[in-house]
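Below: one structure, written as structure tokens.
Scope of the values below: all heavy atoms of this structure, side chains included, with no hydrogens, waters or symmetry mates.
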Amino acid sequence: MDSSPMSEEISSIKELINGQNWLAEEEKAFLMEQIDPLHPPRPKTLHSWNSLILQSFDPSQKNLPAIGIELALKQAKEQHRELDNESELAFVETSQKLGFLERNTGFSFQEGHITLTSEHDSATSFDVSALQDILEGNQAALIQKVKSVISAPDFAYVAPDPLIEYRQQVFDWCKILADHGLGSWGFPKENGGKGDMEGYFTIMETLSYHDLSLVIKFGVQFGLWGMSVYYLGTEKHHRKYLREIGSLSLPGCFAMTETGHGSNVKGIRTTATYNHEDQTFSIHSPDPSSRKEYIGNAAVHGQMATVFAKLVIDGIDYGVNAFVVPLRDESGKLENGVTIEDCGRKMGLNGVDNGVIYFDQVIIPKENMLDKYASVNEAGEFESPISSDNRRFFVMLGTLVGGRIGIPRSALTAAKSGLTIAIRYGDKRRQFGPEGGEEVPILNYRMHQRRLIPPLATSYALNFALKYLTDRFLNKAEEEAQEIEALAAGLKAYTTWFATATLQEAREACGGKGYLSENRIDALKNDTEIYTTFEGDNTVLMQLVAKSRLTEFRQEFGDMNVFGIFNFVTDKAMTYVSEKNPLIIRSTNSEHLLDFDFHLNAFRYREQAILGSAASRLKRLINGGMDSFDAFNVCQHHLINVGQAYIERVVLEQFQEKIKSIADKGSKKALTQMCQLYALHTLEKNRGWFLEQDYMEGVKTKAIRKMVNQLCWEIRPDAIALTDAFAIPESCLSAPIAKRESL
């Protein structure tokens, strides 16, 4: 006997037909013929039935059983027959057996078309301008100033070919920005600037709505080159260089990375040998691996560079210091002993002229040493206000942590652009839909929402976390330096990884349109790829974060054998274990799942438990005789998780704190939902860990997954408004698929 699903469905329909006493026998026979799988109705017949249905039913009905009943009533009335209650109930029961009620929940028949009842056309449940004000805060006027500059006709996008013309255009854009005073914004007022580093970061972030080659060129010139002179030099260097750097009349470079040593700056091999007789330094690359590689501004425009080299006096190596070294004269001719090669085309950022620099005994005067933290005295001896070599090195590099603030803010801005393009496109692009009905906007599909709305929530979360980092950096006390450097390293890694993943998702979500260069996602993807490795490789940075967390009470950064805090950290983690409540572990009610305290407690528990277990593991390995370097190598994956958990806790904490301060009710409600989605989506991603730890049971992680789906559905009508709050200039967005009138 055939027990296939089709056979069961046909049997259910036959029962329905035979049970209708108001139907004549010949009518029943006709209907039976139409459900024979071997002799289905002809296409013309099906079209006529479809037309009859769409023309005859009550538009207020919401499901197939109701429509079937209405049509039956109409037919019975025309033939002066009655449809009893049992017949109406049979329609519902049969629909349940066939699964029509479940399958068609969410569909309605209206005006001759089938659409989603919860079509979720874009709406706005809050004041977009109020939310924009929250995002921009006290920087609104400066943001508007920058947007007005980059929206001008002079900043119209150009093709990245030919390469020489593209590079020149990016340089010319930088010059326009300098003419507006934007390049020198962070420099002291006495040196032509505004003395406003918060403003400098805002400028970098806002410029990132435009061409990212411009952002990096701007950052190299005014950030790396200019700020290295400002932070590592003294008054004489400020007077001599900063005005010219700020006006772009002195283009420069930041030459730290070497072919053989990237992240390990202490291992660089370029030397600066002091000659006391003529009070000069000789800058030299002793071998090919010591050449300065991937140096922005070097291939074409750079005239000078801050060069990091090991200071050698009378044969003694005094560690890494910084020196101002001429590369070219104003006509572009290379200085004696300087050789520069063009890195050529790259995966992205081709408007930046990266180069490789070799030094062959290049002589510079003594005053070209940037001597805030170390100097050579009149007797030709090394001097420093910081006695420890390790501490001096990290303090020197710590002054340059601003790059690890500017880069993630730029990356987040690029991700916002990609999300705006993809969400606008998804709101208008229609595809598929119920048989015979109107096609549905792809952003109404639950999976499409899953792809784009959680990243949108994360972009809001990171927006506030990066503002928090900026504030702490600008107002840091000396004792906070290590913590803030670790926070900057972690947020740089977390944000740039997020941007890379988000732009890939945005590209895929736009299908073939996302692959077209005219829609800009390719440029955003390619230009931000390097963000995950410059200003520090992300994996290395996350290990730095973990080491900082493990050694937060240590004064010396380099002593990796001191583990006095491990027992403390372990004990602290265990207090969180004791707080686990069996009722909380299983709780799945909505009020609990959406509760801020539940979210933050879970994040804190994960952070402390991973930190404690890493500390115990390292201590056990070292106590067993393993070298500390080898122990850290064995635990690298564990350390990455330490850094990740720490950053996620900080991000959530700052998002929640920001929401507490918001007065506008509409914005507060919208951001609350976004914060809940960020928290639950992050818990969902880490559900395996929470299950392993018995902090949650499977019933709860399933409930979290369902709640993430629900939040995406509820936020969807506001998706366009949430991207509108970014206030990206249309000329910068410049994607045909994102235009308001497109599709």
Side-chain angles (χ1 to χ4, degrees), residues 224 227-228 231-232 253-274 281 283-295 305-313 315-323 325 357 359 369-376 382-404 481-482 484-486 488-490 492-493 533-548 550-551 554-562 627-633 636 639 643:
L224 293 176
M227 290 300 173
S228 63
Y231 282 122
L232 301 180
C253 311
F254 183 82
M256 176 184 282
T257 301
E258 295 183 358
T259 301
H261 291 88
S263 299
N264 181 18
V265 180
K266 289 185 73 173
I268 63 174
R269 293 176 53 80
T270 300
T271 56
T273 304
Y274 182 64
F281 294 101
I283 310 298
H284 186 61
S285 308
D287 53 56
S289 70
S290 64
R291 63 184 186 169
K292 298 296 182 180
E293 188 170 20
Y294 224 93
I295 308 305
T306 295
V307 176
F308 289 80
K310 288 189 173 181
L311 172 62
V312 178
I313 304 175
I316 299 175
D317 180 352
Y318 287 94
V320 177
N321 288 270
F323 305 83
V325 181
I357 309 174
F359 300 103
M369 181 179 181
L370 296 174
D371 55 1
K372 182 174 183 179
Y373 297 107
S375 62
V376 178
F382 178 80
E383 286 187 344
S384 174
I386 303 173
S387 58
S388 165
D389 291 343
N390 278 331
R391 184 164 178 265
R392 181 172 61 254
F393 173 75
F394 282 104
V395 167
M396 181 178 71
L397 293 191
T399 62
L400 304 174
V401 74
R404 291 178 182 167
Q482 180 183 349
I484 293 169
E485 288 166 24
K492 183 268 178 184
T533 50
F534 72 29
E535 290 293 339
D537 176 276
N538 282 357
T539 300
V540 175
L541 291 183
M542 275 300 188
Q543 291 177 67
L544 183 155
V545 175
K547 289 177 181 178
S548 174
L550 289 165
T551 61
R554 266 193 256 153
Q555 297 301 311
E556 296 294 331
F557 288 2
D559 184 2
M560 289 301 164
N561 289 307
V562 179
D627 179 79
S628 62
F629 176 85
D630 291 333
F632 272 96
N633 191 29
Q636 276 189 342
L639 296 177

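- With sequence neighbours excluded, no residue satisfies side-chain hydrogen bond (donor to acceptor under 3.5 Å, both in side chains) with D317.
- Annotation: side-chain hydrogen bond (donor to acceptor under 3.5 Å, both in side chains) contacts of E258 (sequence neighbours excluded): T270, K292.
- Residues passing the salt bridge (charged side-chain N to carboxylate O under 4.0 Å, His left out) test with D537, sequence neighbours excluded: none.
- Rounded to the nearest 0.5 Å, atoms CG (N321) and NZ (K310) are 11.5 Å apart.
- For the side-chain contact (heavy atoms from CB on, under 4.5 Å) test, residues two or more places apart in sequence or in another chain that qualify with S375 are D371, E383.
- Side-chain atoms of V325 and F281, non-hydrogen and from C-beta on, never get closer than 4.5 Å to each other.
- Minimum interatomic distance between K492 and T533 (heavy atoms only, all atoms of both residues): NZ-N, 3.9 Å.
- Considering all non-hydrogen atoms of both residues, A486 and V545 come closest at O-CG2, 3.2 Å.
- Atom CD of E535 and atom CE of M256 lie 8.5 Å apart (nearest 0.5 Å).
- A distance of 5.5 Å separates CD1 of I386 from CZ of R391, quoted to the nearest 0.5 Å.
- Not counting sequence neighbours, the partners of L370 by the side-chain contact (heavy atoms from CB on, under 4.5 Å) test are L232, H237, T306, A322, V324.
- The minimum heavy-atom distance linking P385 with K372 is given by the pair CG-O, 4.1 Å.
- In this structure the side chain of L311 reaches within 4.5 angstrom of the side chain of F323, judged on heavy atoms.
- A 4.5 Å side-chain heavy-atom check between F632 and K547 finds at least one atom pair inside the cut-off.
- Taking every heavy atom of both residues into account, A255 and A305 meet most closely at CB-CB, 4.4 Å.
- A search for side-chain hydrogen bond (donor to acceptor under 3.5 Å, both in side chains) contacts involving S289 returns D287, not counting sequence neighbours.
- The shortest heavy-atom contact between R392 and Y373 is CD-O, 3.4 Å.
- Checked against side-chain hydrogen bond (donor to acceptor under 3.5 Å, both in side chains), S285 has no partners two or more places apart in sequence or in another chain.
- Under the ring-ring contact (aromatic ring centres under 6.0 Å, His included) criterion, F393 pairs with no residue at all, not counting sequence neighbours.
- Among residues two or more places apart in sequence or in another chain, the ring-ring contact (aromatic ring centres under 6.0 Å, His included) test is passed with F359 by none.
- For Y294, the side-chain contact (heavy atoms from CB on, under 4.5 Å) partners are K346, N354, I530, not counting sequence neighbours.
- Atom-to-atom distance recorded for Q543:CD and L639:CG is 6.0 Å, nearest 0.5 angstrom.
- Considering all non-hydrogen atoms of both residues, V320 and V265 come closest at CG2-O, 3.7 Å.
- Checked by atom type and distance alone, the side chain of S548 never pairs as donor or acceptor with a backbone atom of L544 at under 3.5 Å.
- Summarising the geometry, atom OG belonging to S228 is positioned 6.0 Å from atom CZ belonging to F308; distances are rounded to the nearest 0.5 Å.
- Without hydrogens or angle criteria, R404 side chain to E485 main chain gives no donor-acceptor distance under 3.5 Å.
- Under the side-chain contact (heavy atoms from CB on, under 4.5 Å) criterion, P286 pairs with R269, H284, S290, not counting sequence neighbours.
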